[in-house]
Amino acid sequence: MSEAVASERPVKPRRNPLAYVVAAVVVWWTWFAAGQVGFRWSTFVDVWTNPLWEKFWPVPWDWVLDRSNVIDPLIETFQIAIVATVIGCGLALPAAFAMSRLTTPNGPTYWISRIFMSVVRAVPDLFWAKILVTAIGIGAFAGAWALSIFSFAVMVKLFSETIDGADAGPLEAARAAGSRHVPAVKTGVLPTVLPSYVAYALYVFELNIRASIVLGLVGAGGIGRVVEAQRSFFRFDRILGILVLVFIVVFVIEQISVALRRRLV
Amino acid sequence: MTATLPPESTPGSAPEPASGRPDRPLGPRLTRIGLFALVAVAFVWGFTGLDASIERLRTAPGDAWQIIRLMWPPDFATEIDRGVIGKVLESVYIAWVGTVIAATLSLPLAFLASNNISPSFIRLPIRQLFNVIRAVPELIVAVVLLGVVPLGPWAGALAIGLHSIGTLGKLASEEIESADHGPVEAVEACGGTWVSRVRWGVLPQVMPSITSYWLFRFEINVRASAVLGMIGAGGVGSELIAQLNFRNFPEVGAVLIITIAVVVFIDTVSSAIRKRIIAGGSAGEPSRTAELFRDLLGRRAARV
């Protein structure tokens, strides 16, 4: 008896046969996709012997740190990001309330805003930038527009989900006391979600800083314009210098923003 | 009882009985006003850099609306002749291959970056590596890569893969750090090695969330790979650029609508799968797939 107990091992649960099918499909799909994009192991070897790497070094720091070459476009990048964040997040505040089940004024508003937002969000940010550059001309102005649209979309999504999770009690209390819709939302829901709003706004600002770096690649202003120009001259050493500078700035901003967000939430 | 209370606390003797409402505290209000002022100043300063005259501000919305009007009706026939479907699919392939590259590379790195698995002299450099990678947008990675890798979708997939390592590694290592320590101790008590501790103690706990992060990243990467085409790394972006440069707006409309449709479709399927992965289900339960399909098909019905 005791021997039997000692040798008895828990039975391994049988694996769902479907798991193998799913695994096979995923592997096949990966293999197929890899073939379609032209996956080559040799790239990982060849890339290191490419003579173009020599073009990355040495970095011409005096060129990079020159005011008109890099610093001014970098400042422009910031200006785009700030304007886009303020406009996008400002407009997102009422829109997010319309898009949450808890605070939406009525059904049609809810559905129209939801469908509209998912369409806006489905278009990549640089597509917006390129279309707006075509529409209203090359420059930072179009870039700020495009980023405003995109940060609006991101912010509405994040913030409306927060509102969904807010406590319905104060809102019910305000309604029971006879309040109309807007004051009820303002006093019942807004105070509880405002810290998350500020935290998300900072997060969107971080996203915008990153996005505004690449806007210039499609002619929408900022530091990307310099990167694009130097790329066409094959001045990869200058690009590397710009990247190092951008990295430092982005890193510092992100640390500040993360610290602020941690305090808020 | 009431007689022993000090006289101030009786309702009638309060100095100003009429003002029933307490004053708002001044400190938070000042902070709020200060923050508003700061944001306003930053906004105005930002605006000065945008070469935005009143004239431009006034005409820009009209110009943007004009473009949207020109895109209607979209010209699907021409675009399908030009193989736009294949290009959108190419974007999806790029995103998938990039995500797979990032997933395979980031998983071991994430374990090395977690404080319950690896010592600090390995952990801290890898963390910093994640931060560095995350700070460089994939388009910039692509710009650099296109210098040394031949132009095309493979370069795009590599750029996406490299960039996604940063985010995926960070999220995965946060997940690993919050894993329950119990199973790890159990494996340790049985005499398990470091590898078995990771394999049997941690991995089963964290894989569901990490897999769902991978899928989420795939959704993001589909958009990113569409963008990469704009600088010549394959996919639908090149088609959009070409048609916009030739001012063929009905074709642009068609490209946009097809892109939106594919992105929304992938988002919907992927988020349904993610929901199932996170919600889980007991082993051997036969209805999991059925529920997945019900989630996929019946989401609209379920929401109302």
Side-chain angles (χ1 to χ4, degrees), chain A residues 13-16 18 29-30 32-34 36-40 43 47 50 52-53 55 75-76 78-83 86 118-119 122-127 130-132 134-136 139-141 144-145 210-211 213-214 217-218 221 224 227-228 231 234 236 239-240 243 246-247 250-251 254, chain B residues 39 42-43 45-52 56 59-60 63-64 66-67 89-90 92-94 96-97 100 131-132 135-137 139-140 143-144 146-149 152-154 156-158 223-224 226-227 230-231 234 237 240-241 244 247 252 256 259-261 263-264 267 283-285 288-289:
Chain A
R14 217 166 58 81
R15 196 163 282 206
N16 190 338
L18 202 71
W29 164 245
T30 306
F32 176 73
Q36 290 291 315
V37 302
F39 180 91
R40 275 189 304 277
T43 308
V47 84
N50 195 313
L52 271 173
W53 283 116
K55 295 219 172 224
I75 289 173
E76 192 177 77
F78 279 106
Q79 291 173 319
I80 295 173
I82 289 171
V83 170
V86 174
S118 58
V119 169
V123 180
D125 45 2
L126 276 181
F127 276 27
K130 180 69 192 176
I131 292 168
L132 284 165
T134 312
I136 61 183
F141 189 55
W145 259 66
R210 293 224 191 102
I213 291 166
V214 295
L217 294 177
V218 295
V227 173
E228 179 64 12
R231 178 169 86 112
F234 286 92
F236 286 107
I239 292 181
L240 186 66
L243 282 189
V246 166
F247 166 68
V250 170
F251 186 76
E254 208 177 281
Chain B
V39 170
F43 181 70
W45 173 71
F47 227 93
T48 58
L50 299 185
D51 61 318
R56 267 193 107 184
T59 56
D63 292 347
Q66 181 69 18
I67 289 268
L89 284 179
E90 190 175 66
V92 177
Y93 300 141
I94 292 171
W96 182 264
V97 172
V100 170
N131 282 337
V132 171
V136 184
L139 262 174
I140 301 286
V143 165
V144 173
L146 286 175
V148 289
V149 176
W154 174 220
L158 263 182
R223 293 176 172 81
V227 162
M230 302 175 106
I231 59 163
L240 185 90
I241 287 274
L244 267 175
R247 301 284 191 272
V252 171
L256 275 182
T259 310
I260 291 171
V263 167
V264 169
D267 278 9
E285 204 176 273
R288 275 205 289 189
T289 339

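Below, chains carry the letters A, B, ... as their sequence lines are ordered, and counting in each starts from 1.
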How long is the straight-line distance from [atom2] of [Y] back to [atom1] of [X], given to the nearest 0.5 Å?
| X | Y | atom1 | atom2 | answer |
| --- | --- | --- | --- | --- |
| A/Arg40 | B/Leu158 | CZ | CG | 10.0 Å |
| A/Asp125 | B/Arg223 | CG | CZ | 9.5 Å |
| B/Asp63 | A/Trp145 | CG | CH2 | 8.5 Å |
| A/Phe127 | B/Thr259 | CZ | OG1 | 5.0 Å |
| A/Ile131 | B/Leu256 | CD1 | CG | 4.0 Å |

Contact check, side chains of A/Val227 and B/Leu139, non-hydrogen atoms, under 4.5 Å:
no

Listed by chain and number, what are the side chain to side chain contact (heavy atoms under 4.5 Å, CB included) partners of A/Arg231, not counting sequence neighbours?
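A/Glu228, A/Ile239, B/Val143, B/Leu146, B/Ile231.
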
Part of B/Leu240 within contact of chain A (heavy atom distance under 4.5 Å):
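B/Leu240 touches chain A through side-chain heavy atoms alone.
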
What part of B/Val132 gets closer than 4.5 Å to chain A, counting heavy atoms only: side chain, backbone, both or neither?
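For B/Val132, heavy atoms of backbone and side chain both lie under 4.5 Å from chain A.
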
Taking A/Thr134, A/Ile82, A/Val250, A/Val123 one by one, which has the highest count of heavy-atom pairs under 4.5 Å against chain B?
A/Thr134

Results of ring-ring contact (aromatic ring centres under 6.0 Å, His included) for B/Tyr93 - residues two or more places apart only
A/Trp29, A/Phe32

Could you walk me through whether A/Leu217 and B/Met230 pass the side-chain contact (heavy atoms from CB on, under 4.5 Å) test, one step at a time?
CA-CA 9 Å; A/Leu217 294 177; B/Met230 302 175 106; over 6 Å; no

Donor-acceptor pair, side chain of B/Glu90 and main chain of A/Val37, under 3.5 angstrom
no

